Protein chains: 2
Amino acid sequence: MAARPAKREPVTRPVRARTPRAAQDELNVSIRKQSVSDVIARSLEEDIVLGRRYPRERLVEQDLCERFKTHRGDVRLALFELEKKGIIQRIPNRGAIVRDLTPKEVREIYAVREELEVMAIRILPFPVAKSDLDQLAELQREHSAAIDVGDLLTVFYSNLHFHQMLFGLCSNTCLIEAIELLAQKTYGIRSYANAFPEALDQARRDHIEMIEALRASRRDDLIALARRHLKPSQEAYIRAYERRFGDTNLAIRILAK
Amino acid sequence: MAARPAKREPVTRPVRARTPRAAQDELNVSIRKQSVSDVIARSLEEDIVLGRRYPRERLVEQDLCERFKTHRGDVRLALFELEKKGIIQRIPNRGAIVRDLTPKEVREIYAVREELEVMAIRILPFPVAKSDLDQLAELQREHSAAIDVGDLLTVFYSNLHFHQMLFGLCSNTCLIEAIELLAQKTYGIRSYANAFPEALDQARRDHIEMIEALRASRRDDLIALARRHLKPSQEAYIRAYERRFGDTNLAIRILAK
DNA sequence: CCAATCTGGATTGTTTACAATATAGTTTGA
DNA sequence: TCAAACTATATTGTAAACAATCCAGATTGG
């Protein structure tokens, strides 16, 4: 008779010791294998942030399957993720559309983000290590060069990395994640700011000043810079929104058809 | 010959007017039909917060299917949601376990939450309408009564509703959601605080003082109360954690087996 | 007696097929 | 002529079957 097979878990034990492999995984948190749906989600984010997809544009599952050469399961999961992040909106039985933020929502998101970025700078330990400053400067050069040649994709990513590195200097992981999540919520409106070359230029100058403030351990200056740095993109969006609709009432009339 | 059928979308238009029904859905944001996976996720959250499921306990998809009388698709989605919220942890090919937070993570989460709650109180418009104060008082009575009879489920929900109502008074939706998300991250450790009856008593007194501060429009007092209110549960968890493991190194040794 | 290997089955991950829903264009009736 | 009902299909939602992975205990070799 065949040997009595293993039962992986007696199903009753409430608390149970972790197996060796699981413990290893938990301790080495860095080994984050990214799933297919994550890749799809990121790619769609990129499309949205670069203005290749517009607010209220439909995202049809079948189309995405063909584009990413996969089945609908992964695509659906990616759409659920993006919905939770607030980048797209899903309507039951009707599908997903790129989310269109109102000026009020944009202002609220930026207010919270400002609060958290200021907090990050407040708890950030000074002085900052030279190696960190060098890395930041390198990312800044990358950003600057991308602006010069008009490579918006690289502008986006080097800017993202610059900010991740900057706020990553504060040691509160939860705070870092919260800041990033809020930044993602406004991906859909970024392309409006990119349309103004002078805004990109201002961002570049801000980054340089930020590095200087970090080097000199001038916390208050850095806070003021961070606050100022957040202003242009939200203002660009609100201006564009009002140009589109004139005023909020008109917007509602149009959207309701 | 059959009539030429409709093609729902020409597939090419980048920006497209919304259909009447879709617009209606967007404007009436209150009609949030909750999906099956949301129900499952909430129920699991409840189990965790009430200590019915312990940190590192496994969550097997098939078991959950039977419990919620559904197929694995919904259960899987719920688990993905909970993972994103940070309430559970998923290990590829091995399944999901209730997440076990380290004291460091708990401190970080509470630090961010405190920052946001203080912000909410700072922007909250005074004076508060009498009807709102009455509602808060009603929720507080419910909470107090639940403590008296030891009904922890009602304690949890009435406490939740009290805080939702309180922070809901600030008009920044994004901020309200962020506060709630952070509160959810610590669901797994709530049962530790509930184990100390004096902590529940303190919470009850805090709520009463908060309502008084609101009624008198004493913003600074309210901020101090909110800060104080967050302390006990994180301290209870950290104490319990250290009782379990003595110190962090021991914890790591045990977890790694 | 210990360690390396093997193996059965428990569990998660993927794919496909099928059902439900909503909409654009057509038809029908006043 | 216009609006209400109808129909065909695009699209999403659900379910179940199949494949890949992983571990507990058994087996094997030293």
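Only a predicted model underlies this, so the values are computations on that prediction, with no experimental measurement involved. The chains referred to below are lettered A, B, ... by the order of the sequence lines, with proteins before strands, and numbering in each begins at 1. Atom set for the values below is all heavy atoms of this structure, side chains included, hydrogens, waters and symmetry mates excluded.
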Which nucleotide sits closest to the side chain of B:Asn93: D:dC22, C:dT11, D:dG13? D:dC22
Considering only C:dT23, D:dT12, C:dG13, which nucleotide approaches the side chain of A:Arg72 most closely? D:dT12
Provide, to the nearest angstrom, the distance between the CG atom belonging to B:Leu59 and the C1' atom belonging to C:dT12. 13 Å
Go through the side-chain N and O atoms of A:Glu142 and A:Tyr157 and say whether any donor and acceptor fall under 3.5 Å apart. no
D:dC22, D:dT11, C:dT11: which one has an atom nearest the side-chain heavy atoms of A:Arg58? D:dT11
Measure from CG on A:Asp63 to P on D:dA10 and round the result to the nearest Å. 12 Å
Measure the distance from CD on A:Gln62 to C1' on C:dA17 and round it to the nearest whole Å. 13 Å
Contact class for A:Leu77 (heavy atom, under 4.0 Å): base, sugar-phosphate, or nothing? nothing
Write out all pairs satisfying side-chain hydrogen bond (donor to acceptor under 3.5 Å, both in side chains) with one or both partners inside residues 167-179 of chain A, taking only residues at least two apart or from two chains. none
Measure from the side chain of A:Glu61, starting at C-beta and using heavy atoms only, and say which of C:dT23, D:dG13, D:dT11 lies closest. D:dG13
Excluding sequence neighbours, so at least two apart, what forms ring-ring contact (aromatic ring centres under 6.0 Å, His included) with A:Tyr187? A:Phe156
Wobble G-U and Watson-Crick pairs count when both distances are under 3.5 Å; given that, what is the 5' to 3' dot-bracket string of DNA chain D, with | for pairing to other strands? ||||||||||||||||||||||||||||||
Does a side-chain N or O of A:Arg90 approach OP1 or OP2 of D:dG13 to a distance below 4.0 Å, or not? yes
B:His163: side-chain hydrogen bond (donor to acceptor under 3.5 Å, both in side chains) partners, not counting sequence neighbours: B:Asn159, B:His229
Whole-Å distance, B:Ile40 CD1 to D:dT14 C1', equals 13 Å
d(CD1, B:Ile91; C1', C:dT11) in whole Å: 13 Å
Can you list everything that forms a side-chain hydrogen bond (donor to acceptor under 3.5 Å, both in side chains) with B:Gln184? Sequence neighbours excluded, please. B:Lys85
Hey, does the side chain of B:Arg76 come within less than 4.0 Å of C:dG13's phosphate (OP1/OP2), counting only N and O? yes
In this structure, how many angstroms lie between the C1' atom of C:dA22 and the CD1 atom of A:Ile97, rounded? 15 Å
Any ion pair linking A:Arg42 and A:Glu46 (charged N to carboxylate O, less than 4.0 Å)? no
Protein-nucleotide distance (A:Ile88, atom CD1; D:dT12, atom P), rounded to Å: 11 Å
Can you name the residues that form a salt bridge (charged side-chain N to carboxylate O under 4.0 Å, His left out) with A:Glu235, not counting sequence neighbours? none
